[in-house]
Amino acid sequence: MSADLASQVRQRRTFAIISHPDAGKTTLTEKLLLFSGAIQIAGSVKARKASRHATSDWMEIEKQRGISVASSVMQMEYRGCTINLLDTPGHQDFSEDTYRVLTAVDAALMVIDAANGVEPQTRRLLQVCRARNTPILTFVNKMDREVQDPLALMDEIERELGMTVVPFTWPVGMGKHFHGVMDLREEQMRVFSPGEDRVGADDEILPGLDNPAYAARFGMQYEQAQGEIELVREAAPAFDLADFLAGHQTPMFFGSAVNNFGVREVLDALVDLAPPPGERQAIQRVIHPEEPKFTGVVFKIQANMDPAHRDRIAFVRVASGHFQRGMRLKVVRSGKELRPNTVVSFLSQKRELLDEAFAGDIIGIPNHGVLQLGDTLTEGEALQFTGLPFFAPELFRSVEVADPLKTKQLKAGLTQLGEEGAIQVFRPLMGTVLLLGAVGQLQFEVVAHRLEHEYGVKARVMPARYNVARWVTCDAADGGDAELKRFIDGNSHRIAHDAVDAPTLLLEYAAELRAIEANWPKIRFHALREHAGLVFQKRLEG
C-alpha cells in the first residue's frame, strides 16, 4: 500500500442526500455546490420557466415538473477533500434508484422539512441506511417559515427513526422571527440574513452563547432558545464518533437552504465527521480501499444524458486501487475486457474527462450494453460485490407501439431503459406484448415521456392483469437447472424474462403465489432479484 494511495483515500467523502419529496433536498444540493465553489449561481427547482434549473435536475421532465426523478452525481473540492455528492429522487415511485445509490455511498445527509417533520419516504430510506449501518447527518430545513417546535422535532426524529439526536446548532426563532442559529460546538451565533443566489459577504458571527447583547437584540426568541439549549445540553448525550459511524447517533443542524443559511456548517461537518471510503464486501472476500489493484461496481446506468449522442453511462463506484484512463479492466460477469478512454467525472450532466480516480470516487464509463447494473470491474481478479437491490415490482402495464413501423425503436428504447433500472421490462414466454413493472405509477409516465422524447416512439401503456412478481431459482441440491426448467415448462403461461434474462413468475393474486409455493417446494421465490441482496432484504424486513 503506497502512502499516496492511502492519503488519496483519506481525502475522499462520498455521501447521498435523502428526504421525502419537497423537503428541500435538491435545493440543499445546489447550495452545497455553491458553498464549495463548484458553481457560481444556484438554480431554483421551482422556477420552471426560468432559464436556470437546478444543476442536479438535468432531465427534461424534471425541468418541466420541478422534481427529481433520477439520481445525479456531482463532484466538488472543499477544504482539501474531494466530495462525491449523490442527489437522489425524493419521490417514492423512484425508490429503487435511491436504494441502489445508497449502496455506493459511505454516509447520508437526511433533509427534514421543519414544518412536516418525519415523513413516510424518510422512514423507508432510513430503514435502508440502517440495514447498511450508514452514518447519517440531519439537516432541519425551512426554518424561515412557521414550523414545528425544535424540541418536538428532535423528539420525533429520535422516536420515529430510532436514533439518538445530538444538536450541533440550535435555532433562534422561526418564520418572520428567525434570527439565526447558535453553534453549540463553536459557542457562537450565526445571524440570519436572507439571500438566494450567490454566496455574498460572510454572515455576521457573534461570539458566545449567552452574550448580553442577544436579549436586547433578539428578544423573547433568544430567551426561549436559551432555555431550550440548557435543556438539550442536560438531556442530550455528548457526540460519540463511534456511535455516529455505526448509524446509532445523528448530528442535527438547523437552517434554510433556499436562503443559503446553515449550509456551511453542514459542509464542514461532512468533511470533519463523515468517514472516508471503507472496506466493501464481495462474495469472495472483503475489499480494502487502499489495495493497489482497482476494483469497482456499477450501481447505476443512465441512458441519454446527452440525447444528441444516444449515450449510455455506467456509473461506477471505485472500491479500491488507482483508476487510470485507458487501463485494462475485466467485466467479471462476462469475462470481457474494457479499456475505457473517455471516462468522465460529473457535475450533473456536465462532464469532464477524467485521468485518474481513487476509492470513493464515482466515475462514468460510456458503454453500449457491455455493462449492467451490479457488474464488478477488476484488473483480472474474479470478484462479485454484493447487495445491489432489485425489488419485485408492484404495478404492471403492457406496452405497445402506436406506429407498428417503430416496433424496433420501442424495443431498443425499453431495453436501454430496462438496463438503467428506470423501469423493469419483462418478455413473456407466451405472446409478443412486452410488460413493464414498476414500484410507482409515475415511473410509467416518465418512461412514456422518455420513449417519445428520447427515442421518437409514442407508446400505448395499458393496464395489465398482473399484481405479483417473483424471481425463481432452484438450488443445486434440490435439482438445480433441471428442476427449474420443469417448473418453467409447467408454468410457461405466467413466466417472463427480465432485462438480464432472469426467469420471473407473474401472477394476478397473492393467494396464487402461496399455492404455487406449496406445490413446488424445491423452487425458491425471491422478492429481490440479486441473490446476495437476500441478506439485505431480511435485515430490512427484520
Side-chain angles (χ1 to χ4, degrees), residues 5-19 24-40 42-43 54-58 68 71-88 98 101-111 129 134-139 168 199 241 244-245 250-251 253 255 257 260 262-278 280 289-290 296 299-300 315-320 322-323 343-352 354-364:
L5 188 59
S7 171
Q8 291 287 352
V9 172
R10 282 197 303 272
Q11 291 167 12
R12 261 61 188 174
R13 303 288 184 274
T14 304
F15 74 98
I17 300 193
I18 60 174
S19 79
K25 173 174 54 61
T26 302
T27 303
L28 180 58
T29 301
E30 287 288 302
K31 300 313 171 82
L32 291 170
L33 292 171
L34 187 68
F35 273 77
S36 72
I39 59 176
Q40 302 308 310
T55 306
S56 54
D57 283 347
W58 54 269
S68 297
S71 303
S72 301
V73 177
M74 286 144 283
Q75 192 177 77
M76 53 190 174
E77 304 288 328
Y78 183 70
R79 280 181 46 200
C81 281
T82 298
I83 298 175
N84 296 287
L85 183 163
L86 287 78
D87 174 27
T88 61
T98 302
V101 164
L102 288 173
T103 68
V105 300
D106 304 300
L109 174 57
M110 175 174 66
V111 185
C129 290
T134 304
I136 296 159
L137 296 98
T138 299
F139 180 71
F168 274 45
V199 180
L241 185 62
F244 163 69
L245 294 176
T250 178
F253 301 83
N260 297 349
V263 175
R264 191 177 298 282
E265 285 85 349
V266 172
L267 199 50
D268 284 333
L270 282 163
V271 169
D272 295 337
L273 305 178
R280 300 183 81 77
E290 302 91 351
F299 68 93
K300 172 182 171 64
F315 290 71
V316 176
R317 153 78 191 224
V318 181
S320 68
H322 180 197
F323 173 83
V343 176
V344 291
S345 63
F346 299 96
L347 184 59
S348 191
Q349 86 275 32
K350 180 185 173 188
R351 309 176 202 166
E352 292 182 357
L354 186 79
D355 289 317
E356 62 177 359
F358 299 89
D361 286 341
I362 309 296
I363 62 175

*asked:* When you compare the side chain of Phe315 with that of Phe299, does any pair of heavy atoms fall below 4.5 Å?
replied: yes
*Below 4.0 angstrom, N of the basic side chain to O of the carboxylate: do Arg13 and Asp106 qualify?*
no
*Heavy-atom closest contact (Cys81 atom, Val271 atom, distance)*: SG-CG1, 3.9 Å
_Could you tell me if the side chain of Ile83 sits less than 4.5 Å from the side chain of Leu267, heavy atoms only?_
yes
*Start with the C-alpha distance between Arg10 and Phe358, add both sets of side-chain angles, then the distance that settles side-chain contact (heavy atoms from CB on, under 4.5 Å), and finish with yes or no.*
CA-CA 10 Å; Arg10 282 197 303 272; Phe358 299 89; over 6 Å; no
*Looking only at non-hydrogen atoms, find the nearest pair between Leu32 and Met76 and report the distance.*
O-SD, 3.7 Å
_Keeping Asp268 on the side-chain end and Glu265 on the backbone end, is there a donor-acceptor pair under 3.5 Å?_
no
*Which pair of heavy atoms, one from Pro277 and one from Val9, lies closest together, and at what distance?*
CD-O, 3.2 Å
*With no hydrogens and no angle check, do the side chains of Gln11 and Thr82 hold a donor and an acceptor under 3.5 Å apart?*
no
*Taking every non-hydrogen atom, the tightest pair across Arg280 and Val105*: NH1-O, 4.4 Å
*Using the side-chain contact (heavy atoms from CB on, under 4.5 Å) rule, take Phe168 and Leu273 through it: C-alpha gap first, then chi angles, then the decisive distance, then the call.*
CA-CA 12 Å; Phe168 274 45; Leu273 305 178; 3.7 Å; yes
*Return yes if some donor-acceptor pair links the side-chain N/O of Asn84 with the main-chain N/O of Phe15 below 3.5 Å, else return no.*
no
_Point-to-point distance, once rounded to the nearest 0.5 Å, from CD of Glu290 to OG of Ser7_ = 11.0 Å
*Quick one: does Leu28's side chain get under 4.5 Å of Leu109's, heavy atoms only?*
yes
*Quick one: CG on Leu270 to CZ on Arg79, what's the gap to the nearest 0.5 Å?*
10.5 Å
*Would you mind reporting whether Leu137 and Val266 have side-chain heavy atoms less than 4.5 Å apart?*
no
*Taking it one step at a time, do Thr250 and Phe244 satisfy side-chain contact (heavy atoms from CB on, under 4.5 Å)?*
CA-CA 6 Å; Thr250 178; Phe244 163 69; 5.7 Å; no
*OG1 of Thr134 to CD1 of Ile18: how many Å apart, nearest 0.5 Å?*
8.5 Å
*Give a yes or no on whether the backbone of Gly360 and the side-chain of Thr14 come within a donor-acceptor separation of less than 3.5 Å.*
yes
*Shortest non-hydrogen contact between Ala319 and Ala359, atoms and distance*: O-CB, 3.6 Å
_Student check: side-chain heavy atoms of Pro251 and Thr138 closer than 4.5 Å_ = no
*With side-chain contact (heavy atoms from CB on, under 4.5 Å) as the test, would you mind laying out the steps for Arg317 and Asp361 before giving the verdict?*
CA-CA 6 Å; Arg317 153 78 191 224; Asp361 286 341; over 6 Å; no
*Looking only at non-hydrogen atoms, find the nearest pair between Ala107 and Pro275 and report the distance.*
CB-CD, 4.1 Å
_Is there a side-chain contact between Thr29 and Met74 in this structure, where contact means two heavy atoms from C-beta onward sitting under 4.5 Å apart?_
yes
